[in-house]
Structure formats: C-alpha cells, structure tokens
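Written out below as structure tokens is the structure these notes cover.
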Amino acid sequence: MLGSRLLHILVMNIQDIIARFKERCPKNTTVDWNMFPTKVAVQMNDTHPTLAIPELMRILMDVEGLGWNQAWSITTRSCIGIVRRLEFL
C-alpha cells in the first residue's frame, strides 16, 4: 500500500515539474526540451524515487512525442544525485 502511494506521489511530481517547465516557455513557441536539464534537476534518494527515470521517459516519449534518444538525453541530464541510505545495525 505504501509503495503504491509513493509511486502515485512520484508520478504526480514529475507531471507537475513538466507542467511548470512548459508554463515558463514563451507563449506561441514550441517547447525547447533541450533546455529542460538546464532548468530542472530531479534528485533521487533511495529506491522509489529512482522510478522518476522511467516515468520521465514515458512522459517525454508517450505524451510529448519525443524520440528515445532525445528523451534519454534529457532524462540522464535531469535525474541526478542517486543517494542510498545505509542503515547499520
């Protein structure tokens, strides 16, 4: 149950990030997706947030119509800082 809630929050956050990026683009112009990584950095901590990678790819390709290579380039430049918590007993 907790996992599905976290996934839902993650999906909503990625959608919000994209919506805000598009809102800031000049009116009556196409979105310059190559600027996305210069404006957005998604820091991933632990396991669930790493699902931001396939979710961002899904949105860029399926919703925004970008090709694999461009979507992958944007994603790899936007999703940074994978930090895993280490718990010692």
Side-chain angles (χ1 to χ4, degrees):
M1 185 68 124
L2 179 61
S4 64
R5 250 186 275 149
L6 291 173
L7 180 58
H8 180 73
I9 291 168
L10 178 127
V11 168
M12 298 303 291
N13 281 327
I14 296 295
Q15 290 175 354
D16 183 60
I17 289 168
I18 289 175
R20 288 172 187 256
F21 173 75
K22 290 170 68 174
E23 284 175 2
R24 288 173 173 79
C25 292
K27 301 291 184 219
N28 301 320
T29 62
T30 58
V31 176
D32 183 3
W33 288 105
N34 291 317
M35 292 300 295
F36 188 82
T38 67
K39 305 292 183 188
V40 174
V42 178
Q43 182 167 340
M44 299 174 292
N45 296 310
D46 217 349
T47 307
H48 288 87
T50 59
L51 294 173
I53 296 169
E55 179 60 16
L56 182 56
M57 286 290 291
R58 183 193 71 77
I59 293 172
L60 291 174
M61 293 176 64
D62 296 346
V63 177
E64 300 299 334
L66 276 59
W68 171 270
N69 290 335
Q70 186 179 12
W72 182 246
S73 175
I74 291 166
T75 300
T76 58
R77 291 181 290 138
S78 301
C79 295
I80 60 165
I82 299 175
V83 178
R84 300 264 346 241
R85 272 184 292 142
L86 298 175
E87 297 176 11
F88 297 98
L89 300 176

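Note that these values count all heavy atoms, side chains included, but never hydrogens, waters or copies made by symmetry. Throughout, numbering of the chain's residues begins at 1 and tracks the sequence.
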In this structure, CD1 of Ile17 is separated from CE of Met12 (nearest 0.5 Å) by 12.0 Å

Results of side-chain contact (heavy atoms from CB on, under 4.5 Å) for Asp32 - residues two or more places apart only
Asn34, Met35

Applying side-chain contact (heavy atoms from CB on, under 4.5 Å), name anything that partners Ser73, two or more places apart in sequence or on another chain.
Arg77

When you look at CH2 of Trp72, are more than 12 heavy atoms from neighbouring residues, nucleotides or ligands closer to it than 6.0 Å?
no

Kindly indicate whether the side chain of Leu56, heavy atoms from C-beta on, has any atom under 4.5 Å from the side chain of Ile18.
yes

Just how far is it from atom CG of Leu7 to atom CD of Glu55, taken to the nearest 0.5 Å?
7.5 Å

For residues 17-28, the side chain to side chain donor-acceptor pair (under 3.5 Å) pairs (sequence neighbours left out) are Asp16-Arg20, Lys22-Glu64

Give, for atom CD1 of Ile74 and atom CE of Met61, the distance between the pair rounded to the nearest 0.5 Å.
11.5 Å

Considering only heavy atoms from C-beta outward, does the side chain of Arg58 approach that of Ile14 to under 4.5 Å?
no

Phe21 and Trp33 aromatic ring geometry - parallel, tilted or perpendicular at 30°/60° bounds:
tilted

